[in-house]
Amino acid sequence: MSNIIEITDFSAPELDIYARLSEAQLLHYYEPQGGLFIAESPKVIERALDAGYTPVSLLLERKHITGQARGIINRCRDIPVYTADFDVLTKLTGFQLTRGVLCAMRRSKMPSINEICTETHRIALLENIMNPTNVGAIFRCAAALNIDAVLLTPACSDPLYRRAIRVSMGTVFQIPWAYLGSDKEDWPQPGIRMLQEKGFKTVAMALSDSAIRIDDPRLISEEKLAIVLGTEGDGLSPATIADCDYTVRIPMSHGVDSLNVAAASAVAFWQLGNKNPC
């Protein structure tokens, strides 16, 4: 393993991507080409490799060279593997490494909206969800509960931010996703109309007196559904709710009016993720 490099200089520029660059700087690292992201933990890194993402370098605890990162190192031949003891890595990164292994990877080209909408029947659409923890949790729910793809409005948090990847347990690499347009003018009306033209019925998850229950049989019988989820607090915009085909609520008890958006996504995906066979 001649590519193993012991960390002796905290200021080495090759360590900037792990210790000193922001998420935004990583995103634009190779402009005009795609940027970088950081994957944490062996399981997440394995899922990224399985999805075809290209590794740039590894940063890991020394003990993992022959331990849980051994298989990853064998898969990532010819890239530098930076290593040190746990305390040294904690000092370098400013936090305890998740399971002791980080991997810098190149971003891949996102699929087009047409590619995403082809041969898919259940899509999640996230409107302005800016918390990466929620984005990651929604991806994990989508992967587990029969959602074919995820679309995001431009204001959403990047699914390849480190925390979103970690919370998703790497499912951001397993579920196709793309941004619906590049600015706020692409949403909501143009985006909703485009989905409707592709045969999707749009479902606004919202608190409304006129909303139907999520177990309404009309929903599960639809051939194609796009389930639209809004940011916590404000929820979906009135314009989005007005333009969607259905407004849907999850029945609550004990005076609870709503769920966290990630929890609501799990309920919605479980109920609506499988088309009712006709």
Side-chain angles (χ1 to χ4, degrees), residues 3 17-18 21 23 26-27 29-30 33-61 63-83 89 93 95-112 115-116 119-120 122-124 126 129 131-152 156-179 262 265-266 269-270 273:
N3 56 340
I17 55 180
Y18 296 106
L21 296 186
E23 301 274 17
L26 290 174
L27 175 61
Y29 194 80
Y30 288 120
Q33 301 177 26
L36 294 174
F37 65 88
I38 306 295
E40 300 182 38
S41 85
K43 178 180 286 187
V44 170
I45 294 168
E46 290 277 6
R47 284 179 170 170
L49 293 172
D50 291 343
Y53 286 88
T54 302
V56 173
S57 65
L58 285 159
L59 176 67
L60 48 84
E61 282 185 72
K63 69 178 183 180
H64 293 316
I65 294 173
T66 55
Q68 58 182 306
R70 183 176 180 179
I72 294 171
I73 294 172
N74 289 335
R75 290 184 67 176
C76 300
R77 295 184 182 276
D78 303 322
I79 68 169
V81 179
Y82 302 105
T83 187
L89 295 182
T93 60
F95 60 91
Q96 294 186 357
L97 274 72
T98 301
R99 299 183 184 270
V101 185
L102 300 177
C103 184
M105 310 187 96
R106 284 182 174 268
R107 289 173 177 260
S108 298
K109 182 180 179 181
M110 284 189 296
S112 68
E115 290 171 329
I116 288 234
E119 298 183 4
T120 57
R122 295 295 187 263
I123 288 176
L126 314 188
I129 297 179
N131 185 321
T133 297
N134 283 335
V135 170
I138 291 169
F139 267 87
R140 190 173 182 182
C141 293
L145 298 169
N146 300 300
I147 298 301
D148 301 314
V150 176
L151 296 177
L152 306 98
C156 282
S157 179
D158 187 345
L160 295 186
Y161 277 177
R162 187 181 298 188
R163 185 165 182 78
I165 294 173
R166 183 169 68 245
V167 173
S168 82
M169 289 298 296
T171 55
V172 294
F173 308 123
Q174 298 176 310
I175 297 291
W177 60 273
Y179 283 99
S265 77
F269 299 163
W270 183 87

Measure across Gly273 and Arg122 and return the closest heavy-atom pair with its distance rounded to 0.1 Å. O-CG, 3.4 Å
Mind running side-chain contact (heavy atoms from CB on, under 4.5 Å) on Val150 and Ile138 for me, showing each step along the way? CA-CA 9 Å; Val150 176; Ile138 291 169; 5.6 Å; no
Atom CG of Leu36 and atom CD1 of Ile38: how far apart are they, to the nearest 0.5 Å? 6.5 Å
Quickly, which of Pro159, Cys156, Pro111 forms a side-chain contact (heavy atoms from CB on, under 4.5 Å) with Trp177? Name it, please. Pro159
CA sep, side-chain torsions, deciding dist, call: Ser41, Arg166, side-chain hydrogen bond (donor to acceptor under 3.5 Å, both in side chains): CA-CA 8 Å; Ser41 85; Arg166 183 169 68 245; over 6 Å; no
In this structure, which one of Leu58, Asn3, Leu60, Leu59 forms a side-chain contact (heavy atoms from CB on, under 4.5 Å) with Tyr82? Leu59
Checking Arg47 against Thr171: is there a side-chain donor and acceptor pair closer than 3.5 Å? no
Distance in Å, Thr120 OG1 paired with Glu115 CD, rounded so as to fall on 0.5 Å steps: 11.5 Å
Hey, does Leu21 have a side-chain heavy atom less than 4.5 Å from the side chain of Tyr29? yes
Determine whether Tyr161 and Val172 make a side-chain contact, defined as any pair of heavy atoms from C-beta on separated by less than 4.5 Å. no
Sorted by chain and residue number, the side-chain hydrogen bond (donor to acceptor under 3.5 Å, both in side chains) partners of Ser57 (sequence neighbours excluded) come out as Tyr18
A side-chain contact here means heavy atoms from C-beta on lying under 4.5 Å apart; do Ile65 and Thr83 qualify? yes
Taking the side chain from Asp148 and the backbone from Ile123, do they hold a donor-acceptor pair closer than 3.5 Å? no
Which residues share a side-chain hydrogen bond (donor to acceptor under 3.5 Å, both in side chains) with Arg107, sequence neighbours left out: Asp158
Contacts table for residues 48-56: side-chain donor-acceptor under 3.5 angstrom, sequence neighbours left out:
{"residue": "Asp50", "atom": "OD1", "partner": "Arg75", "partner atom": "NH1", "Å": "2.9"}
{"residue": "Asp50", "atom": "OD1", "partner": "Arg75", "partner atom": "NH2", "Å": "3.1"}

Minimal heavy-atom distance between Arg163 and Glu23, with the atoms involved, is N-OE2, 4.4 Å
Any side-chain heavy-atom pair from Phe173 and Val44 closer than 4.5 angstrom? yes
